[in-house]
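Below is one structure, written out as structure tokens; comments come after it.
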Amino acid sequence: GLASAGPSPIPDFIPPGTSDAFVVPGAEPVSLDLMSADIHGVLRFFGQVSGLNIVAGDDVSGTVTLQLTDIPWDQALQIVLLSQGLQVVWMDTGALWIRPLGQVKTLAH
């Protein structure tokens with residue numbers, strides 16, 4: 001029979017629902033030199049580099065100023081998020097949900 005295309009699986013290096021620090025084996029190094037860059041634009045950059053879908057709601061806002069040289073993108077993303085008081089939640093679709101730290105609201109299924 002025909003196989004139906006379901007949601008992309010969660011990468012095998014991360015358990016679903018996790019919001020702790022994560023490590024992506026062989027993450028591509030990136031260099032960033034940003035001055036007052038909008039956080040949504042920065043997250044789009046990480047989406048392009050990682051090939052992952054990144055979701056950030058209206059409760060994610062702010063500007064980022066940083067200079068990073070040849071740092072694996074997963075570490076760079078965590079530095080950016082930490083500086084903004086944000087965290088990552090891996091959704092069961094394999095996407096990254098970015099939300100403010102300590103937020104207890106969950107996504108409706």
Side-chain angles (χ1 to χ4, degrees):
L2 295 174
S4 64
S8 27
I10 292 197
D12 57 13
F13 49 80
I14 195 79
T18 271
S19 58
D20 303 326
F22 59 94
V23 175
V24 179
E28 190 79 19
V30 295
S31 295
L32 287 170
D33 189 356
L34 303 173
M35 176 75 75
S36 300
D38 180 72
I39 184 67
H40 286 271
V42 177
L43 292 174
R44 279 177 55 88
F45 165 78
F46 282 107
Q48 291 166 355
V49 169
S50 67
L52 296 169
N53 294 316
I54 297 183
V55 180
D58 292 339
D59 52 358
V60 172
S61 62
T63 56
V64 181
T65 298
L66 54 79
Q67 185 169 5
L68 301 172
T69 306
D70 282 338
I71 293 183
W73 71 258
D74 57 338
Q75 294 178 34
L77 176 58
Q78 289 176 72
I79 291 168
V80 168
L81 296 179
L82 193 61
S83 74
Q84 299 298 304
L86 300 170
Q87 68 181 156
V88 164
V89 177
W90 290 79
M91 301 169 64
D92 53 12
T93 59
L96 299 183
W97 176 29
I98 310 299
R99 66 178 190 181
L101 270 170
Q103 187 181 78
V104 292
K105 182 178 71 176
T106 57
L107 283 181
H109 287 288

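For this chain, numbers begin at 1 and follow the sequence in order.
Atoms CD and CE, on Gln67 and Met35 in that order, are 9.0 Å from each other to the nearest 0.5 Å. Note that CD of Gln48 is 9.5 Å distant from CD1 of Ile54, once rounded to the nearest 0.5 Å. To the nearest 0.5 Å, the span separating CG on Asp58 from NE2 on His40 amounts to 7.0 Å.
Side-chain contact between Phe46 and Leu52 is absent, with no heavy atoms from C-beta onward closer than 4.5 Å. Contact annotation: the side chain of Leu32 approaches that of Phe45 to within less than 4.5 Å [non-hydrogen atoms, C-beta and beyond]. Side-chain contact between Leu43 and Leu77: present, with at least one pair of heavy atoms (C-beta onward) separated by less than 4.5 Å. Counting heavy atoms from C-beta outward, Leu68 and Val30 have side chains that stay 4.5 Å or more apart. Counting heavy atoms from C-beta on, the side chains of Val89 and Arg99 come closer than 4.5 Å. Between Trp97 and Asn53, the closest side-chain pair of non-hydrogen atoms is not below 4.5 Å.
A continuous path of ILVMFWY side-chain contacts below 4.5 Å connects Ile79 to Val88, so both sit in one hydrophobic cluster. Under a hydrophobic clustering in which Ile, Leu, Val, Met, Phe, Trp and Tyr are joined whenever their side-chain heavy atoms come within less than 4.5 Å, directly or via other members, Leu66 and Leu81 fall into the same cluster.
A search for side-chain contact (heavy atoms from CB on, under 4.5 Å) contacts involving Ala37 returns Leu34, Val42, not counting sequence neighbours. Here Thr69 pairs with Ser31 under the side-chain contact (heavy atoms from CB on, under 4.5 Å) rule; sequence neighbours left out.
Between the side chain of Glu28 and the backbone N or O of Ser50, no donor-acceptor pair lies under 3.5 Å. With Gln84 contributing its side chain and Val80 its backbone, the two residues share no donor-acceptor pair below 3.5 Å. Judged by distance alone, with hydrogens and angles left aside, the side-chain atoms of Thr65 form a donor-acceptor pair with the main-chain N or O of Ser36 at under 3.5 Å.
Each of Asp59, Ile39, Val60 was scored for a side-chain contact (heavy atoms from CB on, under 4.5 Å) with Ile98, with one residue passing: Val60.
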